[in-house]
Amino acid sequence: MKRKKKQPVIRCPYCGRTAVLQKASYVYREKALDEYLYVCSGYPACDAYVGVHAGTLRPKGSLANGDLRHKRIEAHRLFDAIWKNGIMSRKDAYRWIQDTFSLSDSQAHIGQFSDYRCDCLMAETRKVLENNHVRLAG
């Protein structure tokens, strides 16, 4: 007997409302991919949402407002440069996050990071990139 996938109950850290599973077109309109998001039920007044792993009901991280979403994107762009430039393997780069910030495997996901943790990751990542003579555009 197949078990029905159960949607998690997710609370918005900004307004306390529950998040609702929506097609990405609810937020992105015609620019949307065929994906899903957990969106704060207070949207658009409360601009918090997070993507969902394809084929699952599992959120990619915690709900985030526009500022935090953009900071996570920038943190990921910098961090990805570590393994894309061959400084470490992708697996070792994530292990480096765990070691640098004393995080468990489940905590070492940028989609879970706060504004402060993103700032810390970007600062540490820039050091690694500079020490390995990697220049980033912009």
Side-chain angles (χ1 to χ4, degrees):
M1 182 164 124
K2 278 191 172 181
R3 285 185 138 168
K4 187 177 177 185
K5 292 180 183 178
K6 188 172 181 186
Q7 188 173 332
V9 175
I10 300 171
R11 293 248 172 234
C12 178
Y14 303 99
C15 70
R17 294 183 181 107
T18 56
V20 180
L21 187 65
Q22 299 278 5
K23 281 205 154 250
S25 59
Y26 180 76
V27 171
Y28 298 125
R29 310 278 184 244
E30 64 277 349
K31 297 177 188 173
L33 299 172
D34 191 26
E35 296 177 353
Y36 286 87
L37 305 170
Y38 282 104
V39 182
C40 175
S41 58
Y43 183 86
C46 181
D47 181 35
Y49 57 87
V50 66
V52 174
H53 289 282
T56 74
L57 297 176
R58 220 168 26 109
K60 290 182 178 179
S62 60
L63 289 181
N65 65 13
D67 291 339
L68 182 54
R69 284 192 307 274
H70 293 298
K71 191 165 275 194
R72 286 176 177 172
I73 290 166
E74 177 62 13
H76 235 303
R77 184 186 73 80
L78 281 170
F79 169 73
D80 289 351
I82 290 174
W83 58 269
K84 286 181 177 180
N85 282 283
I87 297 168
M88 296 177 209
S89 69
R90 189 170 186 268
K91 183 178 178 179
D92 286 343
Y94 275 98
R95 193 170 299 120
W96 170 79
I97 287 179
Q98 291 175 32
D99 294 344
T100 301
F101 299 107
S102 299
L103 300 174
S104 69
D105 184 51
S106 64
Q107 295 170 320
H109 296 282
I110 296 169
Q112 299 287 358
F113 284 10
S114 66
D115 187 80
Y116 173 76
R117 179 78 73 203
C118 284
D119 285 339
C120 293
L121 176 62
M122 289 189 290
E124 292 300 315
T125 299
R126 284 186 182 101
K127 289 178 194 175
V128 169
L129 295 172
E130 287 171 12
N131 288 340
N132 286 275
H133 311 288
V134 174
R135 293 181 188 256
L136 295 172

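It should be emphasised that the depicted structure is a prediction, and the values quoted were computed from it without experimental measurement.
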Worksheet item: Quick one: OH on Tyr38 to CG on Leu21, what's the gap to the nearest 0.5 Å?
Response: 5.0 Å

Fill in: Same cluster (ILVMFWY, side-chain, under 4.5 Å), Leu121 and Ile73
no

Worksheet entry | Arg17 side chain vs Cys40 backbone, donor-acceptor pair below 3.5 Å | no

Worksheet item: Going by heavy atoms in the side chains, are Trp96 and Thr125 under 4.5 Å from each other?
Response: yes

Fill in: From Arg58 atom CZ to His53 atom NE2, the distance as rounded to the nearest 0.5 Å
4.0 Å

Worksheet item: Okay, side chain of Gln112, backbone of His109: is any donor-acceptor separation there less than 3.5 Å?
Response: no

Worksheet item: Does any non-hydrogen side-chain atom of Gln22 lie less than 4.5 Å from one of Tyr36?
Response: no

Item to complete: Nearest 0.5 Å please: distance from the NE2 atom of His133 over to the CD1 atom of Ile87.
Response: 10.0 Å

Practice prompt. List the steps and the verdict of salt bridge (charged side-chain N to carboxylate O under 4.0 Å, His left out) for Arg77 and Glu74.
Written response: CA-CA 5 Å; Arg77 184 186 73 80; Glu74 177 62 13; 2.9 Å; yes

Worksheet item: Between Leu78 and Leu103, is there a shared hydrophobic cluster once you connect ILVMFWY residues whose side-chain heavy atoms come closer than 4.5 Å?
Response: yes

Discussion item. If hydrophobic residues (ILVMFWY) are linked whenever their side-chain heavy atoms come closer than 4.5 Å, directly or via other members, who joins Val27 in its cluster?
Written reply: Tyr26, Tyr28, Leu37, Val39, Tyr43, Tyr49

Worksheet, complete the sentence: On a heavy-atom basis, the closest approach of Tyr94 and Ala108 is CD2-O, 3.5 Å

Worksheet item: Which heavy atom in Ala48 sits nearest to a heavy atom in Tyr14, and how many Å separate them?
Response: CB-CD1, 3.7 Å

Discussion item. Using a strict threshold of under 4.0 Å (side-chain N to carboxylate O), is an ion pair present between Asp80 and Arg90?
Written reply: no

Worksheet item: Do Leu129 and Met122 sit in the same hydrophobic cluster, where Ile, Leu, Val, Met, Phe, Trp and Tyr count as joined when their side-chain heavy atoms come under 4.5 Å apart?
Response: yes

Discussion item. Check for me, please, whether Trp83 and Val134 land in the same ILVMFWY cluster - side-chain distances under 4.5 Å, paths through other members count.
Written reply: yes

Worksheet entry | Glu35 CD to Lys60 NZ distance, which is reported to the nearest 0.5 Å | 5.0 Å

Discussion item. For Lys127, is there an ion pair with Glu124 - N to carboxylate O distance below 4.0 angstrom?
Written reply: yes

Fill in: Expected output: side-chain Thr100 to main-chain Ile97 donor-acceptor under 3.5 Å
no

Practice prompt. Could you state whether Leu68 and Leu63 fall into the same hydrophobic cluster, counting links through intermediate Ile, Leu, Val, Met, Phe, Trp or Tyr residues with side-chain heavy atoms under 4.5 angstrom apart?
Written response: no

Worksheet item: Are Arg69 and Asp47 close enough for a salt bridge, meaning some N to O gap below 4.0 Å?
Response: yes

Fill in: side chain to side chain donor-acceptor pair (under 3.5 Å) assessment of Ser62 paired with Arg72
CA-CA 11 Å; Ser62 60; Arg72 286 176 177 172; 2.7 Å; yes

Discussion item. What's the separation between atom SG in Cys118 and atom CG in Asp67, rounded to the nearest 0.5 Å?
Written reply: 11.5 Å

Item to complete: Answer yes or no: is there a donor N or O on one side and an acceptor on the other, between the side chain of Ser41 and the main chain of Thr18, under 3.5 Å?
Response: yes

Worksheet entry | Closest non-hydrogen atom pair, Pro59 against Val50 | CB-CG1, 4.0 Å

Practice prompt. Output yes when a side-chain donor or acceptor of Asp92 lies under 3.5 Å from a complementary backbone atom of Met88, and no otherwise.
Written response: no

